[in-house]
Amino acid sequence: MSLDPTLLDDLEWRGLIAHSTDLDALREDLGEGSVHYYVGFDPTAPSLHMGNLLQIVTAMRLQRAGHTPYVLVGGATGLIGDPRDSGERTLNSAETVRDWVERVRRQIEPFLSFDGANAATMVNNLDWTAGLSTIDFLRDIGKHFPVNRMLARDTVKRRLESGISYTEFSYILLQSLDYLNLFRTHGVRLQFGGSDQWGNLTGGVELVRRSEGATVHAFATPLVTKADGTKYGKTEGGALWLDPEMMSPYAFYQFWLNAEDEKVGELLRIFTFLTRAEIEALEAEHAERPFLRAGQRTLAREVTTLVHGADETARIEAASAALFGGGDLRAAGARTLDAALSTARPMLEVESLGATIVDLLVDAGLVKSKGEARRAVAEGGAYLNNERVEDPDLVPGPGDLIDDQLLVLRRGKKSFAGVRVR
RNA sequence: GGCAGAUUGCCCGAGCGGCCAAUGGGAGCGGACUGUAAAUCCGUCGGCGUAGCCUUCGAAGGUUCGAAUCCUUCAUCUGCCA
């Protein structure tokens, strides 16, 4: 495996390095051979999300450049919980964490190569912490962590007012121990993670230096925010999940397609493998003809393909074209629409016509209550076959069916649902 | 342990016996403009059979014709004193 000498420059150009230890030293090591690096994922949910995807993609970049990945799933740290600003976490049961560890592991595997000279390795920190005695932990690890320094860390400082348990306070020791252990057993010399992990990353670097006298590296990727500074990757349904059961690939695609203009370049750099030249060309194209949204389309296609595959992405693009095409829905035909609508959300199956538009909107899941459905109609936000509905008591008839079997409901600009009559 | 104050809808925050489903801001949602973008403007923002009714203001009781508003107890949080 040959090393790509431009790796670090590329990462910097993509804006992936928000904080780092000595970059010159890292650059030197990266040039000398395949560096063993690690990135960790705590099982805090049954699926990974957009923030994790950033780390996965970054891990892929390093592997493609010839370096050797160790992917850590936090079977131990997931039992403890990283301190966060919103307050003390509720502990998840051991069974839950075990289950999530498995799911997360399976989710990550397709992204990396487990063959070849720089094959990836999956590790679980429960393997080296489960048998660790409290006394050994306090003597060998705890001794290297001055509490006064720990208290000065931003995440801890912010929690001192509202309160923080000893459990969460100790989290950094566990993550630092991970680095030390991977350094000892696998020669791992680089860790990266989100910028909120910076304290934990440096904790590990320092622990390795103190107990082994070795210099190892770390860098933190930036927090991706919206143009207004708020956190990215949140939808009305919560996080942007990678699991197709938790977020339909259609919704996933739509999320990226709707990226704000001023963020597209940044997102392309962070989440796609397009080259610098390709991305700059897209940005130029966008500046020229923004209404085409070439950047968003490419971004959505690239990321959805990465996560859900090319076939699924092609289906979604066809579905989006049918629903948002602006043309006559009847021209698309029931067959195409059926596929498109099923992609967006489960179809509503009814035995026969007769329900009002209000009931249909509720039953199809586009609104939560009849009151909301009536409001939608009153606001002009309800559509039947892409035509605005004015009357909440409207009962769609046989004449409204496309190819005698399908109704297309729309709420607002972007939410579609299909009704199929058996 | 003692004293004082807090607890309101997704979040922040007014209300302090009837005019309160509850002012205002934010988020969300819809419309207009555009490009399935941003900004802006307008509207909306507990549920139901939209007449009115039902369930909401930490929890449970109580006073009253009537309570988010008063009383009692409990829970949680904050400040002051030990």
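The figures here come from the full heavy-atom set of this structure, side chains too, leaving out hydrogens, waters and symmetry mates. Below, read A as the first sequence line, B as the second, and so on, with proteins coming before strands; counting in each chain starts at 1.
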Shortest side-chain distance from A:R388, nucleotide among B:C48, B:A32, B:U34: B:A32
Under-4.0 Å side-chain N/O to phosphate OP1/OP2 contact, A:K370 with B:G49: yes
Phosphate OP1/OP2 of B:A37 contacted by A:K414 side-chain N/O (<4.0 Å): yes
Distance between P atoms of B:U56 and B:G61 (Å, rounded): 11 Å
A:E387 atom CD, neighbour heavy-atom count above 12 within 6.0 Å: no
Contact under 4.0 Å: A:R374 side-chain N or O vs B:C45 OP1/OP2: no
N/O (side chain, A:R375) to phosphate O (OP1/OP2, B:G28) under 4.0 Å: no
C1' gap between B:A4 and B:A59, integer Å: 22 Å
Nearest-neighbour nucleotide for the A:S369 side chain, B:G30, B:G47, B:G35 considered: B:G47
Side chain of A:E379 - closest among B:G47, B:A37, B:G43: B:G43
Of the listed nucleotides B:G31, B:U36, B:A37, the one nearest the side chain of A:Y383: B:G31
Nearest-angstrom distance from the residue atom NE2 of A:H286 to P of B:G35: 12 Å
Euclidean distance, atom CG of residue A:N258 to atom P of B:C29 [Å, nearest integer]: 11 Å
Separation of B:U34 C1' from A:R293 CZ (nearest whole Å): 11 Å
Separation of B:A37 P from A:K263 NZ (nearest whole Å): 18 Å
P-based separation of B:U78 from B:A38 [nearest Å]: 40 Å
Upstream residue (5' side of RNA chain B) when A:A382 and A:K368 are each assigned their closest nucleotide: A:A382
Sugar-phosphate, base or nothing in reach of A:F416, heavy atoms under 4.0 Å: nothing
Nucleotide B:G28, atom P - distance to CZ of A:R411 in whole Å: 14 Å
Atom-to-atom span, CG of A:L292 to C1' of B:A37 - whole angstrom: 13 Å
Qualifying residue for side-chain hydrogen bond (donor to acceptor under 3.5 Å, both in side chains) with A:Q254, from A:S320, A:S248, A:S415: A:S320
Geometric class of the A:F192/A:F219 ring pair [parallel <30°, tilted 30-60°, perpendicular >60°]: parallel
Verdict with reasoning, A:E285 to A:R293, per salt bridge (charged side-chain N to carboxylate O under 4.0 Å, His left out): CA-CA 9 Å; A:E285 161 77 13; A:R293 295 180 305 136; over 6 Å; no
A:R64 NZ/CZ over A:F273 ring centroid, <6.0 Å and within 45° of normal: yes
Touch class at under 4.0 angstrom, heavy-atom based, for A:E372 against every strand present: nothing
A:R422 atom CZ: more than 12 heavy-atom contacts under 6.0 Å: yes
Pairwise P distance, B:U63 and B:U44 [rounded to whole Å]: 41 Å
Whole-Å distance separating the NZ atom of A:K413 from the C1' atom of B:G43: 15 Å
Whole angstrom value for the distance that separates P of B:U50 from CG of A:D391: 13 Å
